[in-house]
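Worksheet: one structure, shown below.
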Amino acid sequence: MNIINFDHLSANPILPEVQEAMIDVIRNNYGNPSSQHSLGDAAATALEAARDSVSALINCPVSKEIVFTSGGTESVNHAIKGVAFAKADKGKHIITSNIEHNAVIRSLKRLKLFDYNVTSVSVDKYGMVDPAEIEAAIKDDTILISIMHSNNEIGTIQPIKEIGEIAKARKVLFHSDAVDSVGVVPVDVQELGVDLLSFASNPFYGPAGVGGLYIKRGTAIWPMFDGGVQENNKRAGTENMIGIVGMGKAAEFAKRDMEKRIAHSKMLKEKFLRELPDYLDEYIINGHPEKSLPNHISISLKYIEGESVVLMLDEEGIAVSTRSACAAGALRASHVLLSIGHEFADAQGTMVITFGMENTEEDVERFLAVLKETVVSLREISPLYKK
Amino acid sequence: MNIINFDHLSANPILPEVQEAMIDVIRNNYGNPSSQHSLGDAAATALEAARDSVSALINCPVSKEIVFTSGGTESVNHAIKGVAFAKADKGKHIITSNIEHNAVIRSLKRLKLFDYNVTSVSVDKYGMVDPAEIEAAIKDDTILISIMHSNNEIGTIQPIKEIGEIAKARKVLFHSDAVDSVGVVPVDVQELGVDLLSFASNPFYGPAGVGGLYIKRGTAIWPMFDGGVQENNKRAGTENMIGIVGMGKAAEFAKRDMEKRIAHSKMLKEKFLRELPDYLDEYIINGHPEKSLPNHISISLKYIEGESVVLMLDEEGIAVSTRSACAAGALRASHVLLSIGHEFADAQGTMVITFGMENTEEDVERFLAVLKETVVSLREISPLYKK
Amino acid sequence: MYSKTVMDHFKKPRNVGTIENADAIGEVGNPLCGDMMTIYLKIEDERITDIKFQTFGCGAAIAVSSMLTEMAKGKTIEEAKKITNKDVAEALEGLPKNKLHCSNLGADALQVAIKDYEDQKAGKPRQERQQAEKHEHAEKDVCYCPYCDSEVGEGEAFCKSCKNALVHL
Amino acid sequence: MYSKTVMDHFKKPRNVGTIENADAIGEVGNPLCGDMMTIYLKIEDERITDIKFQTFGCGAAIAVSSMLTEMAKGKTIEEAKKITNKDVAEALEGLPKNKLHCSNLGADALQVAIKDYEDQKAGKPRQERQQAEKHEHAEKDVCYCPYCDSEVGEGEAFCKSCKNALVHL
Ligand SMILES: Cc1ncc(COP(=O)(O)O)c(C=O)c1O
Ligand SMILES: Cc1ncc(COP(=O)(O)O)c(C=O)c1O
Ligand code: FES
Ligand code: FES
């Protein structure tokens, strides 16, 4: 079936040029970058070229500061647990927000078993963290602040630079989970003042299951995997060269085409939001009206439940997400939506739309029409909906 | 340059059929298995099919017992640290051997920081562990035994089944690092009696940077990554579908062709060892003469150093390894070779040859001739060699 | 993810709606758990002559409701009482493990409706319809068994479904 | 991994061998560290007229030895004394960071040989040639700085090369 994909957050096609680069590795370059012979040399060269491209994307001063990982989750776990264990003698207090991704939340929960304590700051109705609240939460034994760059469920972009300044002034390490931002909007690690930044390749049309962690030179951190001396001794294990080369290539294009991509997404997003009232009533648009990902819309559709919306749209050949794909299969109301003040029922009926380069204005029109039908028929079934 | 590859341990070409399966995912199937729409369904189906194929390869009773990882190192770290933390209340003593891979050694070293204590049993001159020594090392607070299936440097295959029986009788969990065995020689988790088994895809002509961990149903273990609910809640993070599909396909062929592959490697290995005395003197063949990987030869060349051998052979278009590729860049004499009783100097001059399906008898002949020249010219330079 | 039968009932749910002057009503769940269901019965001669439902919930919950109403329709009260969650799940050709609780919802609503009918017959006061209110469990963290994906309570040492030992975070 | 110049000197090492009745001999390293090097000098009128080497070591060590002998040949003793490890590494167009210690080996061997020559001139007893014996460091675990790959001692709090703070295992 020909599917119109409005779920680029979780299922991004790989750019054709990136595909070709990956296929070349599959077919011709099976070398191991650690080997001392020429097969290895070629791989080592490709590995460092990919590192340079990814570095350039986030304006990393030295490319060695990038560690390749198996995705956003590994990066986040590595950053948080790695710093926590390395700095344990300095303190065991960590600051985060109420709307982080489960990779952050559950890593911190894990650390509680090792007697770490966590302060989680609240957000306003747009899902925005207040830097002053973070500053107020800093204690003598605070070793790490972890605040996401943009939220995967509601798209809100946080004041990372302001928090970075506070972290620097108060000499606390600062990690940002930028999985949904890197390659999508400009992210500059130097400007933001982060010590650690997690990201993944699929949000910018690279392969899934590949990511990176920026670790500022000099940051005390333990590796996640112990073993060989790969990745400058920061991540043991034979490299996923196919994925890494793909990520490097995707990073080049993301840097080159970012403005164009943002303009295209914005145009579709604005069209959708402008025309939506003609099709639907009783919905809430989530997230900050301006400080938000340009390719991202989150809508809570009152009286109906999200998974059933996704399934019904899918029957019509349209792919959207309930919230984050990573949480599908977990049956709770979203902690993010509850944090911005939603009722339990509204938090269940949320749909996340993420636009991509191949989406057209016609796609959006078809989507609006189908969405209307879907919502009407599901509301008909719903005991909560009173006409 | 057309390279004759005798370093299949670290640089295995990907099987053509596996390449095609991976390329199909790259081009056509960018779905995320967690998504609720059809793009996701297709991915979820492919994911479970790969799990079934890998399950079949190691005779896993339930395919859900396989967790996909980013390679051997992650599997080993997950198994060892995951069990250690989950069983901490039962005890903090772990038993291993002196010749494990760095992924095991360093994971255990890391655990020492959390007050775990480790007993490391010695090996005989063939690198063989004595199960009785393991049994003797078991204490009341022993929670885990970790012994590799085959050794990456000398090829020796350990008496895993005997150790498995001891572990079972004494109610201690048993992990085996089978990275160099799975897909190369028959490995049957039920017959071996292991609770956990680590493996990777590249040793059997699958992609590098993809692996698996067998976790017997009911084994207490923490996940390595906290976050989403992927992999039956045992490993969070968006999946590397390209790699996993490749691993699944490679597993099918490994199962089907295993006998043929073993016969081919054995033939080349025997030819090499039979003819070697006509070309060289003053060398030691390492590892057990029978209980050893069929595709693996380790030779210590007296008076010369390993890296220079690798580089010189490379100039002649032949790829071999010094010891394990993972240890290249680490400048120590091999702990494995020292453990089997080698002098420091001999431990430096070791070359590992690993055969693959595309190697021919002519390749072996050319190799022997080039090796002779190489050794002669390096010995000429060496201050240790006295004619 | 879902069987063909589940998708069929989800896409074309049978017996959607309400019954005016229903002889009995059963309502279970609440939006806090992610699902809520109301069953309306028309009963003649101890036989269910008409049945309707309304459901707020996932695809599985909607399919379960639809299948349940099909199964109950035309049955006597005594027969209907015997419909179990397992029967519904089986009729749907299985549900994913993490959706099994949705099938509980279905049979439960029917039993609540039947109880409502019997209470009325016995002249007992009708139970108040359950209100959608905050309830403890949904706010606390729910754990999932790492072996079988069933939900498990915060402090439980073993998973009730698969009997595996659990390590809680 | 290696520059063209390194590979050239590795593949075709200059001045390999020994000198019978050498005027001076310098030997450093031992196989425990992974490398060992001997330099032989023929000296006339305070000038190095011939130089030969033997090396047990990696590609870098062999290239360093070869380059060093080329650089020293024909120089006066005073000029040769000024050859540093850095000079050799630069002449080789750089060495990978984790191989920098191999270049120490080269210049060190030359300086030991020159000292041998001067000791003889001064009538001092010749120093015994270093023996290849077990030495502490190689048996203990060596750590590598995670930031710059230099070797660092077991207890050091900062890497000497890049000044980064270290967390030891
Ligand atoms: C904000 C955020 N952080 C972390 C992750 C986890 O990344 P991955 O799925 O690549 O492991 C995601 C996944 O979508 C995310 O959206
Ligand atoms: C025995 C053994 N264990 C573990 C590993 C680590 O596996 P990977 O490099 O796939 O991370 C290797 C790597 O070669 C190995 O040979
Ligand atoms: S209604 Fe609960 S997940 Fe189905
Ligand atoms: S001789 Fe030491 S690694 Fe070069």
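Chain A is the first sequence line, chain B the second, and so forth, proteins listed ahead of strands; every chain is numbered from 1. Computed from a predicted structure; not experimentally measured.
By the 4.5 Å heavy-atom criterion applied to side chains, Pro13(B) and Arg27(A) are not counted as neighbours. When side chains are defined from C-beta on, Val210(A) does not count as touching Asn240(B), because their heavy atoms never get closer than 4.5 Å. Contact of the Gln36(A) side chain with the Ser321(B) side chain is not registered, since no non-hydrogen atoms from C-beta on lie closer than 4.5 Å.
A donor atom on one side chain and an acceptor atom on the other are found under 3.5 Å apart for Ser38(B) and Asp314(A).
With a 4.5 angstrom heavy-atom cutoff, Leu39(A) touches chain B via backbone and side-chain atoms both. Neither the backbone nor the side chain of Glu100(A) has a heavy atom closer than 4.5 Å to any heavy atom of chain B. Heavy-atom distances place no part of Val104(B) under 4.5 Å from chain A, backbone and side chain included. For Ile26(A), the parts sitting under 4.5 Å from any heavy atom of chain B are the backbone and the side chain alike. Val76(A) does not touch chain B: none of its heavy atoms, backbone or side chain, sits under 4.5 Å away. For Glu239(A), the part lying near chain B is the backbone, with the side chain staying farther off; criterion is any non-hydrogen pair under 4.5 Å.
Of the residues listed (Arg106(A), Lys112(A), Lys81(A)), the one engaging Asp226(B) in a salt bridge (charged side-chain N to carboxylate O under 4.0 Å, His left out) is Lys81(A), and it is the only one.
Under the 30°/60° scheme for interplanar angles, the aromatic rings of Phe85(B) and Phe114(A) are found to stand perpendicular.
Judged by distance alone, the side chain of Asn102(A) and the main-chain N or O of Gly228(B) form no donor-acceptor pair under 3.5 Å. The closest donor-acceptor contact from the side chain of Asn77(A) to the backbone of Phe225(B) lies at 3.5 Å or more, if one exists at all.
Taking Pro207(A), Gly71(A), Ser107(A), Gly243(A) one by one and counting their heavy-atom pairs under 4.5 Å with chain B, the maximum is reached by Ser107(A). Among the candidates Asn12(B), Ile80(B), Asn28(B), the residue making the largest number of heavy-atom pairs closer than 4.5 Å to chain A is Asn12(B). By number of non-hydrogen pairs under 4.5 angstrom with chain B, the leading residue of Ala43(A), Ala319(A), Pro16(A) is Ala319(A). Annotation: maximal heavy-atom pairing with chain B below 4.5 Å, among Ile23(A), Ile318(A), Ile14(A), occurs at Ile23(A). Per-residue counts of heavy-atom pairs under 4.5 Å with chain B were compared for His78(A), Met224(A), Arg235(A); the largest is that of Met224(A).
For Ile242(B) against Met22(A), the heavy-atom pair with the smallest separation is CD1-CE, 3.5 Å. When every heavy atom of Ala11(B) is checked against every heavy atom of Gly31(A), the shortest pair comes out as CB-CA, 4.2 Å.
How far OG1 of Thr73(A) is from CD of Gln230(B): 6.0 Å, rounded to the nearest 0.5 Å. Annotation: the span from Glu74(B) atom CD to Thr238(A) atom OG1 amounts to 12.5 Å, rounded to 0.5 Å. Going from atom NE2 of His37(B) over to atom OG1 of Thr322(A) covers 9.0 Å, rounded to the nearest 0.5 Å.
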